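In this text the structure is predicted, and so the values were computed from the model without any measurement. So you know, we letter chains A, B, ... as the sequences are listed, proteins then strands, and number each from 1.
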2 protein chains.
Amino acid sequence: MKTETKRGRPRKFDEDVTLDRVMQVFWRNGYAATSLDQIAEATGLNRPSLYAAFGSKKDMYLNVISRFADRMHVYLAEAGHQTAGANPRLKAILTAAIDLYTGQTDLTDAPYGCLAISTLQTESPRDAEFKEALTVVIARMDKGFASLIRHETRGSMTEQEVCTAAQHLALILHGLSIRARAGETPDVLKRLAESAVDKIIPLSNGN
Amino acid sequence: MKTETKRGRPRKFDEDVTLDRVMQVFWRNGYAATSLDQIAEATGLNRPSLYAAFGSKKDMYLNVISRFADRMHVYLAEAGHQTAGANPRLKAILTAAIDLYTGQTDLTDAPYGCLAISTLQTESPRDAEFKEALTVVIARMDKGFASLIRHETRGSMTEQEVCTAAQHLALILHGLSIRARAGETPDVLKRLAESAVDKIIPLSNGN
DNA sequence: TTCATTTTTTACCAATTCGCATAAAAATAT
DNA sequence: ATATTTTTATGCGAATTGGTAAAAAATGAA
């Protein structure tokens, strides 16, 4: 009961690579400015096939947003595990995020920042689902930073201080996304990020 | 030679209040999702009148962006002059920005963050003029923070440190804009902002 | 071969988009 | 009054939008 041979005409596209292409289009244009024709062109599928496979434009967008959030999460977590100590780990994570935001990773070639920050945010006042998705993404980043800091500074910071520092880092991260989309270079952003981490979670913090 | 009585049919709208209404529509929807019909409805003008007075949709948007940047600049500068010392002045500025971002000022009732960060950013990859306008806005914020810090900490910080700290504050500001648009409350944001300032420009810095 | 199933393709739909051309209206100048 | 000038109002038009209906194609099952 693994792969029961599928009936019917076989698909001539791979779902994963197609979704990746959909993601690129939304990443560049945002939600409102992206047309299904552009997506069709970028994926090689035509509109009815897209709709049959992935639902409406909104469905596709939300699909791609959570896909992006998942990918970003594992990518940053991976980057954060190459070192030890709060300060170095946070620097590694921000550095990796900057690579992602400036098109230096496998996820994208384009320097369009964070997909959620760059595009979801804009739509949030008009659509409650989008707004909810945005707060979820933001909360996820906060939690990620908080758990790292909590773990690495066991005891030396109150829970309150941990959460505040985590949100500081998320603020910084979002600011970096905006600057990346504005065209700032990775190295400038990385210098900025490193000095920011040094002020928020100094190396001297017992790590 | 002040107001030479104008010929022709008189306008029945005020240019300033109309532009303010145009700004609200773009602020909520962003550029791409805003239609001229929506603007026409919000302003009470019809499309040909809008076009005659303010040009194309893009013209209107860029017009409103620089209008916003100017207003924001004077509003924040004013707020920053109610106190003395780098740390208190920066806190006052960020607090004022949060009021603006969350709809607590005369500029808008709506909690849609910073017009430029929230909407211009999204469009920047598709249009060189938008991208340029975005970098100009960002640079303006950097410079504003830098000149304040430079002035208040005369000598105690290198020019390099001043610029870096200024960019840190701008990163924070942009992050605050995003969270405001995501629906975060003013008081939470203000606590966050104040503690961030304390880490970037501590009170103990001789002020 | 014939049928059932799934995907692809073509074509269409109603609605909306931005911009403009043209006409009507409202004021001043002569 | 009549003409001139400026703004407003009506309405068109070509293009694009998201979505779908219907037919054609490609596979496995019988």
Q | Side-chain N,O (A:S35) to OP1/OP2 (D:dT16) below 4.0 Å | A | no

Q: Find the distance A:K12:NZ to D:dA26:C1' and express it as a whole number of Å.
A: 11 Å

Q: Using the closest heavy atom to pick a nucleotide of DNA chain C for each, name whichever of A:G8 or B:T34 lands nearer the 5' end.
A: A:G8

Q: Sort out for me which residue in B:W27, B:Y101, B:F26 forms a ring pair (Phe, Tyr, Trp, His ring centres under 6.0 Å) with B:F68.
A: B:W27

Q: Indicate whether the side chain of B:Y61 and that of B:T119 have a donor and an acceptor atom separated by less than 3.5 Å.
A: yes

Q: Starting from P on D:dT17, measure out to CG on A:N29 and report it in whole angstrom.
A: 11 Å

Q: Scan A:S49 against the nucleic acid and name what it touches under 4.0 Å (heavy atoms): base, sugar-phosphate only, or nothing.
A: base

Q: Please determine if a side-chain N or O atom of A:Y51 lies less than 4.0 Å away from the OP1 or OP2 oxygen of D:dT20.
A: yes

Q.
Tell me the interatomic distance from B:L36, atom CG, to C:dA15, atom P, rounded to whole angstroms.
A. 21 Å

Q: Give the minimum heavy-atom separation between A:E129 and A:D127, together with the two atoms involved.
A: N-OD1, 2.7 Å

**Q.** Rounded distance in Å - CZ (A:R11) to C1' (D:dG28)
**A.** 17 Å

Q | B:R21 with B:D14: basic N within carboxylate O range, under 4.0 Å | A | no

Q) Of A:P48 and B:N46, whose nearest nucleotide on DNA chain D comes first from the 5' end? A) B:N46

Q: Select one nucleotide: of D:dG19, C:dG19, C:dT6, the one nearest the side-chain heavy atoms of B:K57.
A: C:dG19

Q. Taking atom C1' of C:dC18 as reference, at what distance in whole Å does atom CG of B:D59 sit?
A. 13 Å

Q.
Distance check needed: D:dT17 P versus A:Y31 OH, whole Å only.
A. 13 Å

(Q) Looking at B:R9 and C:dA25, is any side-chain donor or acceptor paired with a base atom of the opposite kind under 3.5 Å? (A) yes

Q | Interatomic distance where CZ belongs to A:F13 and C1' belongs to C:dT6 [whole Å] | A | 11 Å

Q: Check the distance between D:dT20's P and A:D37's CG and give it to me in whole angstrom.
A: 15 Å

(Q) How long is the straight-line distance from CG of B:L94 back to CG of B:L192, given to the nearest 0.5 Å? (A) 10.0 Å

